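Presented below is the structure to which this report refers.
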Amino acid sequence: MTAVRPASAGTVTYETLLARARGGELGPDPAGLRVAVAFTTRQAVRHDGRGTGYRNEVLGLRVGAAVGSCAVEPGATAAGVVEECAGAGVDRLLDHPLEPVRVAALDAYLMHVAPHTPAHGARPVRVPAGTSLEKSRARARAVVGLLDLPPGATVLVVGVVNSLLEALRARRLAYVPCDFTGGVTEWGEAVAGDALAEAHRCDALLVSGMTLGNGTFEPLRRHALEHGKQLVMFAQSGSAVLPRLLGHGVSAVCAEPYPFFWLDGGPSTLHLYQGGVR
(Lines give C-alpha, C1' and ligand atoms only; values in the text may rest on other atoms or scores of the structure.)
Protein backbone atom coordinates (compact mmCIF):
# COMPACT_ATOMS: atom_id res chain seq x y z
CA MET A 1 0.00 0.00 0.00
CA THR A 2 1.25 3.50 -0.82
CA ALA A 3 2.75 5.29 2.18
CA VAL A 4 1.33 8.70 3.11
CA ARG A 5 3.63 11.34 4.51
CA PRO A 6 2.91 12.09 8.20
CA ALA A 7 1.77 15.55 9.30
CA SER A 8 4.50 18.09 9.92
CA ALA A 9 4.98 21.76 10.63
CA GLY A 10 5.61 22.24 6.91
CA THR A 11 2.32 20.72 5.76
CA VAL A 12 0.86 22.56 2.78
CA THR A 13 -2.88 23.26 2.63
CA TYR A 14 -5.18 24.88 0.10
CA GLU A 15 -5.20 28.04 2.24
CA THR A 16 -1.40 28.23 2.41
CA LEU A 17 -1.21 27.83 -1.37
CA LEU A 18 -3.72 30.66 -1.72
CA ALA A 19 -1.68 32.88 0.59
CA ARG A 20 1.58 32.10 -1.21
CA ALA A 21 0.00 32.81 -4.60
CA ARG A 22 -1.31 36.16 -3.34
CA GLY A 23 2.22 37.04 -2.23
CA GLY A 24 3.78 36.05 -5.56
CA GLU A 25 5.76 33.22 -3.94
CA LEU A 26 4.66 30.60 -6.50
CA GLY A 27 5.28 32.60 -9.65
CA PRO A 28 4.79 36.10 -11.04
CA ASP A 29 2.95 38.80 -9.08
CA PRO A 30 -0.77 38.01 -9.59
CA ALA A 31 -1.44 41.75 -9.75
CA GLY A 32 0.26 41.69 -13.15
CA LEU A 33 -2.08 39.04 -14.56
CA ARG A 34 -5.67 39.52 -15.68
CA VAL A 35 -8.56 37.21 -16.46
CA ALA A 36 -9.28 37.61 -20.16
CA VAL A 37 -12.38 35.39 -20.28
CA ALA A 38 -14.81 34.26 -17.59
CA PHE A 39 -17.59 31.78 -18.33
CA THR A 40 -19.81 29.05 -16.96
CA THR A 41 -20.40 25.62 -18.48
CA ARG A 42 -23.70 23.91 -17.65
CA GLN A 43 -24.37 20.26 -18.39
CA ALA A 44 -27.13 17.71 -17.89
CA VAL A 45 -26.25 14.03 -18.38
CA ARG A 46 -28.19 10.83 -18.83
CA HIS A 47 -25.98 8.21 -20.46
CA ASP A 48 -27.56 5.57 -22.71
CA GLY A 49 -28.27 2.48 -20.65
CA ARG A 50 -28.16 4.32 -17.32
CA GLY A 51 -31.23 4.86 -15.16
CA THR A 52 -30.04 8.01 -13.41
CA GLY A 53 -28.58 11.31 -14.55
CA TYR A 54 -26.91 14.35 -13.05
CA ARG A 55 -26.11 18.01 -13.69
CA ASN A 56 -22.90 20.02 -13.56
CA GLU A 57 -22.10 23.72 -13.54
CA VAL A 58 -18.49 24.91 -13.72
CA LEU A 59 -17.02 28.40 -13.43
CA GLY A 60 -14.06 28.92 -15.79
CA LEU A 61 -11.47 31.72 -15.72
CA ARG A 62 -8.87 32.12 -18.45
CA VAL A 63 -5.43 33.58 -17.73
CA GLY A 64 -3.20 33.54 -20.80
CA ALA A 65 -3.39 30.03 -22.26
CA ALA A 66 -4.62 28.51 -18.97
CA VAL A 67 -8.20 27.93 -17.85
CA GLY A 68 -8.91 27.50 -14.16
CA SER A 69 -12.11 25.77 -13.10
CA CYS A 70 -14.33 25.25 -10.09
CA ALA A 71 -17.61 23.35 -10.07
CA VAL A 72 -20.58 24.84 -8.23
CA GLU A 73 -24.03 23.55 -7.40
CA PRO A 74 -26.21 23.96 -10.53
CA GLY A 75 -27.82 27.40 -10.54
CA ALA A 76 -25.61 28.67 -7.71
CA THR A 77 -23.48 31.12 -9.69
CA ALA A 78 -24.61 34.56 -8.53
CA ALA A 79 -25.84 37.03 -11.15
CA GLY A 80 -23.03 39.24 -12.42
CA VAL A 81 -20.13 37.10 -11.15
CA VAL A 82 -18.94 36.13 -14.64
CA GLU A 83 -19.02 39.75 -15.82
CA GLU A 84 -17.25 40.85 -12.64
CA CYS A 85 -14.42 38.36 -13.17
CA ALA A 86 -13.79 39.19 -16.84
CA GLY A 87 -10.91 41.67 -17.02
CA ALA A 88 -10.21 41.53 -13.27
CA GLY A 89 -6.72 41.17 -11.88
CA VAL A 90 -5.87 37.70 -10.57
CA ASP A 91 -4.79 39.26 -7.27
CA ARG A 92 -8.30 40.63 -6.70
CA LEU A 93 -9.96 37.33 -7.56
CA LEU A 94 -7.69 35.42 -5.17
CA ASP A 95 -9.35 37.57 -2.48
CA HIS A 96 -12.90 37.31 -3.86
CA PRO A 97 -15.62 36.69 -1.24
CA LEU A 98 -16.90 33.61 -3.12
CA GLU A 99 -14.86 30.44 -2.61
CA PRO A 100 -15.47 29.03 -6.13
CA VAL A 101 -14.04 32.24 -7.63
CA ARG A 102 -10.95 31.97 -5.43
CA VAL A 103 -10.50 28.30 -6.39
CA ALA A 104 -10.87 29.00 -10.13
CA ALA A 105 -8.50 31.98 -9.91
CA LEU A 106 -5.85 29.96 -8.05
CA ASP A 107 -6.29 27.08 -10.50
CA ALA A 108 -5.81 29.40 -13.49
CA TYR A 109 -2.79 31.05 -11.88
CA LEU A 110 -1.07 27.76 -11.05
CA MET A 111 -1.79 26.28 -14.47
CA HIS A 112 -0.37 29.44 -16.04
CA VAL A 113 2.76 29.00 -13.90
CA ALA A 114 3.12 25.21 -14.30
CA PRO A 115 0.92 23.58 -16.96
CA HIS A 116 0.14 19.87 -16.90
CA THR A 117 3.26 18.49 -18.58
CA PRO A 118 5.73 15.67 -17.79
CA ALA A 119 8.29 18.36 -16.93
CA HIS A 120 6.02 19.32 -14.02
CA GLY A 121 5.36 15.75 -12.88
CA ALA A 122 2.24 14.88 -14.92
CA ARG A 123 1.79 11.59 -16.75
CA PRO A 124 -0.60 12.07 -19.69
CA VAL A 125 -3.22 9.41 -20.36
CA ARG A 126 -5.29 9.54 -23.52
CA VAL A 127 -9.05 8.97 -23.31
CA PRO A 128 -10.10 7.58 -26.71
CA ALA A 129 -12.89 9.09 -28.75
CA GLY A 130 -16.28 7.60 -28.02
CA THR A 131 -19.75 8.06 -26.62
CA SER A 132 -20.25 9.96 -23.38
CA LEU A 133 -20.52 6.67 -21.47
CA GLU A 134 -17.44 5.15 -23.11
CA LYS A 135 -15.36 8.21 -22.23
CA SER A 136 -16.78 8.29 -18.70
CA ARG A 137 -15.78 4.66 -18.17
CA ALA A 138 -12.29 5.24 -19.59
CA ARG A 139 -11.74 8.13 -17.19
CA ALA A 140 -13.07 6.05 -14.29
CA ARG A 141 -10.59 3.24 -14.98
CA ALA A 142 -7.72 5.76 -14.93
CA VAL A 143 -8.92 7.31 -11.67
CA VAL A 144 -9.51 4.03 -9.86
CA GLY A 145 -6.14 2.77 -11.10
CA LEU A 146 -4.51 5.32 -8.80
CA LEU A 147 -5.75 3.42 -5.73
CA ASP A 148 -3.31 0.91 -4.29
CA LEU A 149 -5.71 -1.39 -2.41
CA PRO A 150 -6.36 -5.13 -2.15
CA PRO A 151 -9.74 -6.60 -3.11
CA GLY A 152 -12.25 -6.23 -0.28
CA ALA A 153 -10.98 -2.84 0.91
CA THR A 154 -13.54 -0.06 1.36
CA VAL A 155 -13.33 3.31 -0.41
CA LEU A 156 -15.11 6.51 0.58
CA VAL A 157 -16.33 8.06 -2.69
CA VAL A 158 -17.12 11.77 -2.37
CA GLY A 159 -18.93 13.07 -5.44
CA VAL A 160 -20.88 10.14 -6.81
CA VAL A 161 -20.12 9.20 -10.41
CA ASN A 162 -21.65 5.87 -11.37
CA SER A 163 -18.77 5.02 -13.72
CA LEU A 164 -16.34 5.34 -10.80
CA LEU A 165 -18.49 3.05 -8.68
CA GLU A 166 -18.64 0.58 -11.58
CA ALA A 167 -14.83 0.63 -11.85
CA LEU A 168 -14.49 0.01 -8.10
CA ARG A 169 -16.89 -2.93 -8.35
CA ALA A 170 -14.75 -4.36 -11.17
CA ARG A 171 -11.74 -4.18 -8.83
CA ARG A 172 -13.78 -5.97 -6.12
CA LEU A 173 -13.52 -2.92 -3.88
CA ALA A 174 -16.35 -1.97 -1.54
CA TYR A 175 -17.37 1.67 -1.32
CA VAL A 176 -19.42 4.19 0.64
CA PRO A 177 -20.96 6.73 -1.78
CA CYS A 178 -21.33 10.29 -0.48
CA ASP A 179 -22.77 13.44 -2.05
CA PHE A 180 -24.50 16.59 -0.83
CA THR A 181 -27.48 15.78 -3.03
CA GLY A 182 -28.08 12.35 -1.43
CA GLY A 183 -30.26 9.98 -3.43
CA VAL A 184 -29.29 6.52 -4.64
CA THR A 185 -26.67 5.06 -6.97
CA GLU A 186 -27.35 3.25 -10.23
CA TRP A 187 -27.56 0.05 -8.14
CA GLY A 188 -30.04 1.41 -5.60
CA GLU A 189 -27.47 2.05 -2.85
CA ALA A 190 -28.20 4.95 -0.51
CA VAL A 191 -25.89 7.96 -0.91
CA ALA A 192 -24.72 9.47 2.40
CA GLY A 193 -24.72 13.24 2.87
CA ASP A 194 -21.90 13.61 5.45
CA ALA A 195 -18.62 12.28 4.04
CA LEU A 196 -16.49 12.96 7.10
CA ALA A 197 -18.89 10.98 9.29
CA GLU A 198 -18.37 7.94 7.03
CA ALA A 199 -14.59 8.27 6.59
CA HIS A 200 -13.65 6.34 9.72
CA ARG A 201 -14.97 3.06 8.30
CA CYS A 202 -13.13 3.38 4.98
CA ASP A 203 -9.59 2.33 4.04
CA ALA A 204 -9.06 5.06 1.42
CA LEU A 205 -10.75 8.17 0.06
CA LEU A 206 -11.65 8.91 -3.58
CA VAL A 207 -12.73 12.55 -3.70
CA SER A 208 -13.96 15.07 -6.27
CA GLY A 209 -12.08 18.33 -6.69
CA MET A 210 -15.47 20.03 -6.27
CA THR A 211 -14.88 19.73 -2.51
CA LEU A 212 -12.41 22.63 -2.80
CA GLY A 213 -15.21 24.97 -3.78
CA ASN A 214 -17.79 23.86 -1.24
CA GLY A 215 -15.47 23.88 1.77
CA THR A 216 -15.45 20.14 2.49
CA PHE A 217 -11.97 19.27 1.19
CA GLU A 218 -9.80 20.32 4.14
CA PRO A 219 -11.41 18.04 6.79
CA LEU A 220 -11.02 15.08 4.41
CA ARG A 221 -7.37 15.97 3.72
CA ARG A 222 -6.69 16.16 7.46
CA HIS A 223 -8.42 12.83 8.05
CA ALA A 224 -6.32 11.11 5.38
CA LEU A 225 -3.11 12.65 6.71
CA GLU A 226 -3.80 11.87 10.37
CA HIS A 227 -4.88 8.28 9.70
CA GLY A 228 -2.35 7.42 7.00
CA LYS A 229 -5.02 6.75 4.36
CA GLN A 230 -4.72 7.19 0.62
CA LEU A 231 -6.57 10.25 -0.70
CA VAL A 232 -6.99 10.12 -4.48
CA MET A 233 -8.51 13.21 -6.13
CA PHE A 234 -10.35 13.28 -9.45
CA ALA A 235 -10.08 16.93 -10.32
CA GLN A 236 -11.82 18.99 -12.93
CA SER A 237 -12.11 21.66 -10.23
CA GLY A 238 -8.67 22.75 -9.06
CA SER A 239 -6.76 20.42 -11.39
CA ALA A 240 -3.59 22.52 -11.00
CA VAL A 241 -4.15 23.16 -7.28
CA LEU A 242 -4.45 19.61 -5.96
CA PRO A 243 -1.14 18.25 -7.35
CA ARG A 244 0.56 20.85 -5.12
CA LEU A 245 -0.85 18.97 -2.11
CA LEU A 246 0.74 15.62 -2.98
CA GLY A 247 2.48 14.30 0.13
CA HIS A 248 0.43 16.64 2.31
CA GLY A 249 -2.58 14.37 2.66
CA VAL A 250 -3.14 13.86 -1.07
CA SER A 251 -1.56 10.68 -2.46
CA ALA A 252 -2.53 10.91 -6.16
CA VAL A 253 -4.46 13.18 -8.54
CA CYS A 254 -6.24 12.62 -11.84
CA ALA A 255 -6.13 16.17 -13.18
CA GLU A 256 -8.50 17.11 -15.97
CA PRO A 257 -8.38 20.74 -17.03
CA TYR A 258 -10.96 22.37 -19.28
CA PRO A 259 -12.21 21.23 -21.80
CA PHE A 260 -13.52 18.20 -19.92
CA PHE A 261 -14.10 14.74 -21.39
CA TRP A 262 -17.86 15.23 -21.47
CA LEU A 263 -17.73 18.28 -23.76
CA ASP A 264 -16.60 16.46 -26.89
CA GLY A 265 -16.75 13.01 -28.47
CA GLY A 266 -13.15 13.17 -29.68
CA PRO A 267 -10.05 12.04 -27.78
CA SER A 268 -9.08 13.92 -24.64
CA THR A 269 -6.25 13.83 -22.12
CA LEU A 270 -6.04 13.18 -18.38
CA HIS A 271 -2.93 14.07 -16.37
CA LEU A 272 -2.02 11.67 -13.58
CA TYR A 273 0.14 12.72 -10.64
CA GLN A 274 1.74 10.53 -7.99
CA GLY A 275 4.66 11.55 -5.81
CA GLY A 276 5.16 15.29 -6.32
CA VAL A 277 5.14 18.23 -8.73
CA ARG A 278 8.16 20.04 -10.07
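Just so you know, these numbers come straight off a predicted model, no measurement behind them.
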- Geometric class of the His227/His223 ring pair [parallel <30°, tilted 30-60°, perpendicular >60°]: tilted

- Message: For a 4.5 angstrom cut-off between non-hydrogen side-chain atoms, does Leu26 reach Leu110?
- Response: yes

- So, do Asp148 and Gln230 sit near enough that their side-chain heavy atoms are less than 4.5 Å apart? yes

- Message: If I take atom CZ from residue Arg222 and atom NE2 from residue His248, how far apart are they, to the nearest 0.5 angstrom?
- Response: 16.0 Å

- Query: Considering all heavy atoms of both residues, which atom of Tyr109 and which atom of Gly24 are nearest to each other, and what is their separation?
  - Reply: OH-CA, 4.4 Å

- Do Val113 and Met111 share a hydrophobic cluster, counting only Ile, Leu, Val, Met, Phe, Trp and Tyr and linking them when any side-chain heavy atoms are less than 4.5 Å apart? no

- Query: Side chains of Tyr258 and Val58: closer than 4.5 Å at any heavy-atom pair?
  - Reply: no

- Message: Does Glu84 form a side-chain contact (heavy atoms from CB on, under 4.5 Å) with Arg92? I'd like the steps, not just the answer.
- Response: CA-CA 11 Å; Glu84 176 191 354; Arg92 185 161 72 83; 3.9 Å; yes

- Given the rule in the side-chain contact (heavy atoms from CB on, under 4.5 Å) test, do Leu242 and Phe217 qualify, once you have shown the distances and angles that lead to the verdict? CA-CA 10 Å; Leu242 290 161; Phe217 168 73; 3.8 Å; yes

- Same cluster or not: are Val63 and Val81 linked, directly or through other Ile, Leu, Val, Met, Phe, Trp or Tyr residues, by side-chain heavy atoms under 4.5 angstrom apart? yes

- Is Val232 close to Cys254 at the side-chain level, that is, under 4.5 Å between some pair of heavy atoms? no

- Message: Using side-chain heavy atoms (C-beta onward) and a distance below 4.5 Å, is Leu33 in contact with His112?
- Response: yes

- In terms of heavy-atom contacts, does CZ of Arg169 have more than 12 from other residues, nucleotides or ligands at under 6.0 Å? yes

- Query: Could you go step by step and tell me if Leu225 and Thr11 meet the side-chain contact (heavy atoms from CB on, under 4.5 Å) rule?
  - Reply: CA-CA 10 Å; Leu225 194 60; Thr11 295; 3.9 Å; yes

- Task: Taking Ser237 for its side chain and Ala71 for its backbone only, find out whether a donor-acceptor pair lies under 3.5 Å.
- Result: yes

- Item | Side chain proximity check, Trp262 to Thr41, heavy atoms < 4.5 angstrom | yes

- Heavy-atom closest pair (Gly249 atom, Leu231 atom, distance to 0.1 Å) is O-CB, 3.2 Å

- Report the distance from atom CG of Leu263 to atom OG of Ser132, rounding to the nearest 0.5 Å. 11.5 Å

- Could you pull out the closest heavy-atom pair between Gly182 and Val191, with the gap in Å? O-CB, 3.5 Å

- Query: Can you check whether Asp91 reaches Leu94 side chain to side chain, under 4.5 Å on heavy atoms?
  - Reply: no

- Query: Less than 4.0 Å between a side-chain N and a carboxylate O, is that true for Arg137 and Glu134?
  - Reply: no

- Correct closest heavy-atom pair for Leu61 and Ala38 would be CD2-CB, 3.6 Å

- Query: Does some side-chain heavy atom of Tyr175 sit less than 4.5 Å from a side-chain heavy atom of Leu164?
  - Reply: no

- Query: Which residues pass the side chain to side chain contact (heavy atoms under 4.5 Å, CB included) test with Thr154, sequence neighbours left out?
  - Reply: Ala174, Val176, Cys202, Asp203

- Report yes or no: does Arg172 contribute a side-chain atom to a donor-acceptor pair with the main-chain N or O of Gly152 at less than 3.5 Å? no

- Task: Before accepting this row, confirm whether a basic side-chain N of the pair Glu256/Lys135 lies closer than 4.0 Å to the acidic partner's carboxylate O.
- Result: no

Side-chain donor/acceptor pairs under 3.5 Å, residues 101-108, sequence neighbours excluded:
from, atom 1, to, atom 2, distance (Å)
Arg102, NE, Glu99, OE2, 3.3
Arg102, NH1, His96, O, 2.5
Arg102, NH1, Pro97, O, 3.2
Arg102, NH2, Glu99, OE1, 2.8
Arg102, NH2, Glu99, OE2, 3.3
Asp107, OD1, Ser239, N, 3.2
Asp107, OD1, Ala240, N, 2.7
Asp107, OD2, Ser69, N, 2.9

- Hydrophobic cluster identity match, Val72 and Phe180, side-chain contacts under 4.5 Å: no

- Message: Could you report the tightest heavy-atom contact between Asp95 and Arg22, atom names first, then the distance?
- Response: OD1-NE, 2.9 Å

- Item | In one Ile/Leu/Val/Met/Phe/Trp/Tyr side-chain cluster, 4.5 Å: Leu245, Met210 | no

- Task: Using modelled atom types only, decide if a donor and an acceptor are shared between the side chain of Arg244 and the backbone of Leu17 within a distance under 3.5 Å.
- Result: no

- Message: Can a donor-acceptor pair be found, under 3.5 Å and without considering hydrogens, that links the side chain of Arg126 to the backbone of Pro267?
- Response: no

- Message: Ring centres under 6.0 Å, that's the criterion: do His120 and Tyr273 meet it?
- Response: no

- Test side-chain contact (heavy atoms from CB on, under 4.5 Å) applied to Arg171 and Val144, step by step: CA-CA 9 Å; Arg171 286 265 308 270; Val144 170; 3.6 Å; yes

- Heavy-atom pair with the smallest gap, counting every atom of Leu156 and Ala195: CD2-O, 3.7 Å

- Item | Distance in Å, Leu98 CG paired with Leu59 CG, rounded so as to fall on 0.5 Å steps | 9.0 Å

- Task: To the nearest 0.5 angstrom, please state how far the CZ atom of Phe260 sits from the CZ atom of Arg139.
- Result: 10.0 Å

- Item | Rounded distance (nearest 0.5 Å) linking atom CZ of Phe234 with atom CG of Leu272 | 14.0 Å

- Message: Rounded to the nearest 0.5 Å, what separates atom SG in Cys178 from atom CG in Leu206?
- Response: 11.0 Å

